[in-house]
Amino acid sequence: VRTDRTVAAIATDPDALEAFYREHVELVQRVVARRVDDPHVAADLTADVFLAAIGSAGSYRASLGPPRAWLIGVARNVCAMHLRRAARETRAVGRVRARRPLEADYVQDAIERIDAERATRELIAAVQQLEEGQRAVVELVVDGLTPTEAAAVLGITAPAARVRLHRARQRLTLAEVPW
Amino acid sequence: VNSFETALLEDLRQHVAERSVPRRRRGRLVGAVVGLAAAGAVAAALVVGGSPARPAPAYAVSVSADGRIHVEVDRLSDAAGLERALAAQGVTADVTYLAPGTACRAPRDGRMATKKARGRPLEVVTRDDGFDLTVSPFLADPTLTLVVEVGRTAQGGALLVTTFVTLGPVGPCVPQPWPGQPG
């Protein structure tokens with residue numbers, strides 16, 4: 001039985017965290033790979049997403065959907081924040097990031113994942129032209145949530161989510177809209 | 001599972017294990033995880049991450065070896081979350097964060113637990129933006145309610161923490177202008 005505590009426990013119990021991590025690490029890396037195409041950045045963001053999930057585990061409500069939906073919402077926020085920051089930082093000259101070296105096996109996995117998500121990444125880039133409300137619903141649906149789950153993550157009603165999806169579909173060209 | 005995923009899991013396990021110790025000691029411990037992600041990104045993610053734009057918890061609750069429950073509140077938000085965190089330790093709490101310049105009308109409905117709650121069950125230390133509360137394990141008693149009211153005399157004024165214990169539930173807080181404040 002899923003309860004609020006299932007997720008809340010990841011903030012305090014390393015074993016609960018490990019089970020949660022093993023179940024979701026591939027999902028998180030896919031969500032990240034739909035947004036960035038650099039294996040190093042993807043590694044940073046994957047760590048950030050789990051840290052953010054641990055930090056806000058108390059905010060999970062089982063009544064609003066499965067942990068997967070909540071975690072995708074967390075991942076989307078972390079990635080969006082990174083992309084906003086990155087947009088600002090491209091203007092800074094000579095910025096150097098200190099990075100932990102990544103092993104070849106990870107880089108290989110990451111590149112395959114990033115390649116596999118190319119089309120989705122282009123779609124998500126295309127929806128950035130939409131206003132935030134529509135964009136949020138579209139991104140969550142692209143990440144695999146149902147419109148109802150996306151609505152719960154965003155704190156809106158399911159009909160409102162469907163309306164936003166519909167409007168987004170009208171704004172985008174047909175070729176960009178696979179859902 | 002590749003080498004990165006294994007290393008990240010180890011770092012996250014350590015991070016979680018260290019979160020459970022009182023927060024005063026956490027500053028240096030969190031640093032262990034920072035090595036994984038670009039510095040700065042971690043702190044920012046902890047603040048802004050969460051289900052839609054929900055910030056990191058405004059409080060931390062921990063239990064020391066002698067059974068005393070330590071509450072550290074860094075921001076006056078999510079009173080309900082703090083109540084749940086205390087409930088997880090067996091303490092029924094009624095926490096109210098008031099708008100600046102207001103206080104709960106006193107006395108609130110409820111029976112004061114003068115006798116059972118005697119003997120310094122609480123210690124409160126206030127800071128500029130939050131407060132620390134140490135709760136005796138004695139208050140982990142389903143018949144008692146720990147009532148916490150937190151407000152300021154005025155916008156930007158000093159933080160005021162009022163605590164008392166009732167037998168059974170306490171009546172609702174009715175905010176009113178802080179005594180002595182105009183309006």
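Naming: A, B, ... by sequence-line order, numbering from 1 per chain.
With values rounded to the nearest 0.5 angstrom, A:D105 atom CG is found 8.0 Å from B:T6 atom OG1.
Classification of the A:Y106-B:F4 ring pair by plane angle, with boundaries at 30° and 60°, yields tilted.
Ranking A:V107, A:L71, A:D15 against chain B, the residue ahead of the rest is A:D15, based on heavy-atom pairs under 4.5 Å.
For chain B, the nearby part of A:Q29 is the side chain; its heavy atoms alone come within less than 4.5 Å. Proximity to chain B is limited to the backbone of A:I10, based on heavy atoms less than 4.5 angstrom apart.
Tested against A:D143, the residues A:R76, A:R30, A:R35 include a single side chain to side chain donor-acceptor pair (under 3.5 Å) partner, A:R35.
Using a cutoff of 4.0 Å between basic side-chain nitrogens and carboxylate oxygens, B:E5 and A:R22 are not scored as salt-bridged.
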